[in-house]
2 protein chains.
Amino acid sequence: MKEGTFELPGNCRLTSDYDVLQWDVREGCEVRQILDRIADKWSLLVIALLDKRTMRFAELLRSIKGVSKRMLTTTLRQLERDGIVERTVYPTVPPKVEYNLTPLGNSLHETVKALVIWTEANQVKIAEARDRYETRQSEGL
Amino acid sequence: MKEGTFELPGNCRLTSDYDVLQWDVREGCEVRQILDRIADKWSLLVIALLDKRTMRFAELLRSIKGVSKRMLTTTLRQLERDGIVERTVYPTVPPKVEYNLTPLGNSLHETVKALVIWTEANQVKIAEARDRYETRQSEGL
DNA sequence: CAGTATCCCTTTAGATACTG
DNA sequence: CAGTATCTAAAGGGATACTG
């Protein structure tokens, strides 16, 4: 294996050496999957809402403007599968299903919050960088 | 505006109140865009590589197994636009183009690293949650 | 070397209708 | 209420060929 080349190992667990990041952010890896979960269209919104309190399906559906039943279901199932969200079914008629964050979910929310705060702190720099980029483009250079 | 409902404001700058997160993670917003950048297929790999040293286009292309010219170019342009990566062209024949992280890019990498480390620390819990989920599924419950 | 342009296949996700 | 099933439009991304 060439030095510095990304290969595709079957096992992509992270080790304690951060530098291994470069081998482990690809498809199918833990980091990749968590990142995909965090960055997808609705997950973060769901996590942010559930961080405050337990909510029911229809309540989430109403709270997150623009989400469809299908996507909310998909999002919640993925979060449940990863142990971020807990799903509680009350076998009543009509059915009642509650969602809440697990301790793991709360912990993830804390970490993600740091990234959101970074973005908040740097949004002006990013906006300025974009302006400079656009200016350079329109100057044809 | 109903309590707890996500609306779609034209201006989606973040304020210093973190709770505003819930209003500001949607399409077109700063957080959304940075998150998309971080979670996309190649960006993080590029950032991780450039955090170590300046690299040329072909060098990145060889280092990131599976990336195409088209996607590497797209990824680098987006990172450049956001002020994460700096692109330096040497007008020689043949051309030489170098890429390196900006201070903003280094700072982003530090923050993302925290998330990667969280994933690393919790990957066993996530894997266990998945096993439990699969087990429950196959038990038909 | 460092791209751009084009084609095309795959995945994603919205809309709609149906169900226990 | 809390979903599932199906269809389809749009986006993502790989392969290939071409260019300054």
Side-chain angles (χ1 to χ4, degrees), chain A residues 6 8 25-28 32-33 35-46 49-50 54-81 85-100 136-137 140-141, chain B residues 6 8 25-28 32-33 35-46 49-50 54-81 85-100 136-137 140-141:
Chain A
F6 292 110
L8 287 158
V25 187
R26 287 139 310 168
E27 211 172 342
R32 175 86 277 152
Q33 290 183 25
L35 243 34
D36 287 348
R37 193 74 61 258
I38 290 163
D40 86 31
K41 209 169 174 184
W42 309 111
S43 290
L44 196 50
L45 256 19
V46 169
L49 280 171
L50 293 182
T54 292
M55 292 178 81
R56 296 180 59 177
F57 185 84
E59 203 177 357
L60 284 165
L61 195 65
R62 278 192 308 272
S63 299
I64 302 173
K65 190 148 193 169
V67 76
S68 64
K69 278 185 172 186
R70 200 177 75 84
M71 287 318 295
L72 183 57
T73 302
T74 304
T75 301
L76 287 167
R77 287 295 177 281
Q78 287 174 337
L79 292 172
E80 188 195 359
R81 182 178 123 92
V85 154
E86 187 185 18
R87 178 169 176 267
T88 312
V89 182
Y90 298 91
T92 56
V93 180
K96 174 179 169 179
V97 180
E98 284 189 348
Y99 292 92
N100 62 277
R136 264 177 285 150
Q137 294 313 98
L141 183 60
Chain B
F6 291 110
L8 286 159
V25 186
R26 288 139 310 165
E27 210 172 339
R32 175 83 280 150
Q33 290 183 25
L35 244 35
D36 288 349
R37 194 72 63 256
I38 290 162
D40 86 32
K41 208 170 175 183
W42 309 110
S43 290
L44 197 51
L45 256 18
V46 169
L49 279 171
L50 293 182
T54 292
M55 291 178 80
R56 297 181 59 178
F57 184 85
E59 204 177 358
L60 284 165
L61 196 66
R62 279 192 306 274
S63 300
I64 303 173
K65 190 147 192 169
V67 76
S68 63
K69 277 185 172 186
R70 199 177 76 84
M71 287 316 296
L72 183 57
T73 302
T74 304
T75 302
L76 287 167
R77 287 297 177 280
Q78 288 174 336
L79 292 172
E80 188 195 358
R81 181 179 123 91
V85 154
E86 186 184 21
R87 177 170 176 267
T88 311
V89 182
Y90 298 92
T92 56
V93 180
K96 174 179 170 178
V97 180
E98 283 189 347
Y99 292 92
N100 61 278
R136 264 177 287 151
Q137 293 313 96
L141 184 58

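None of these values were measured; they are calculated from a predicted model. A note on names: the letters A, B, ... follow the listed sequences, proteins ahead of strands, and every chain is numbered from 1.
Whole-Å rounding puts the Leu76(A) CG to dG3(D) P distance at 8 Å. Atom-to-atom, CH2 of Trp42(A) to P of dT12(C) comes out at 16 Å; the value is rounded to the nearest Å. Separating the CG atom of Asp40(B) from the C1' atom of dT12(C) is a distance of 15 Å, rounded to the nearest angstrom. Straight-line distance from the CG atom of Leu61(B) to the C1' atom of dT4(C): 14 Å, rounded to whole Å. Counting to the nearest Å, the P atom of dA15(C) and the CE atom of Met71(A) are 12 Å from each other. Going from atom CG of Leu60(B) over to atom P of dA2(C) covers 9 Å, rounded to whole Å. Rounding to whole angstrom units, CE of residue Met55(A) and C1' of dC1(D) are separated by 15 Å. Going from atom CG of Leu45(A) over to atom P of dA13(C) covers 14 Å, rounded to whole Å.
Summarising the geometry, atom CG belonging to Leu49(A) is positioned 12.0 Å from atom OG1 belonging to Thr54(A); distances are rounded to the nearest 0.5 Å. One distance of note links CD of Glu59(A) with OH of Tyr99(A); it measures 12.5 Å at 0.5 Å rounding.
In the set dG3(D), dC1(C), dG14(D), dC1(C) carries the atom at the smallest distance from any side-chain atom of Arg56(B).
Of the possible donor and acceptor atoms, one in the side chain of Ser43(B) sits under 3.5 Å from a partner among the backbone N and O of Arg37(B). Proximity of a side-chain donor or acceptor of Arg32(B) to a complementary backbone N or O of Lys41(A) within less than 3.5 Å is detected.
When side chains are defined from C-beta on, Val89(B) counts as touching Val97(B), because their heavy atoms get closer than 4.5 Å. Considering only heavy atoms from C-beta on, Leu45(A) stays 4.5 Å or farther from Leu60(A) through its side chain. Within the 4.5 Å cutoff, the side chain of Arg77(B) has heavy atoms near those of the Glu80(B) side chain.
Ranked by how close their nearest DNA chain C nucleotide is to the 5' end, Pro94(B) and Arg70(B) are led by Pro94(B).
Using a 4.0 Å heavy-atom criterion, one finds that Lys69(B) contacts the bases of the nucleic acid, with or without backbone contacts as well. At the heavy-atom level, Tyr99(A) lies under 4.0 Å from the strands shown only through sugar-phosphate atoms.
For the pair Arg77(B) and dG3(C), the criterion of a side-chain N or O lying under 4.0 Å from OP1 or OP2 is met.
Stem analysis of DNA chain C (Watson-Crick or G-U pairs, both distances under 3.5 Å, runs of at least three) returns C:1-20 with D:1-20.
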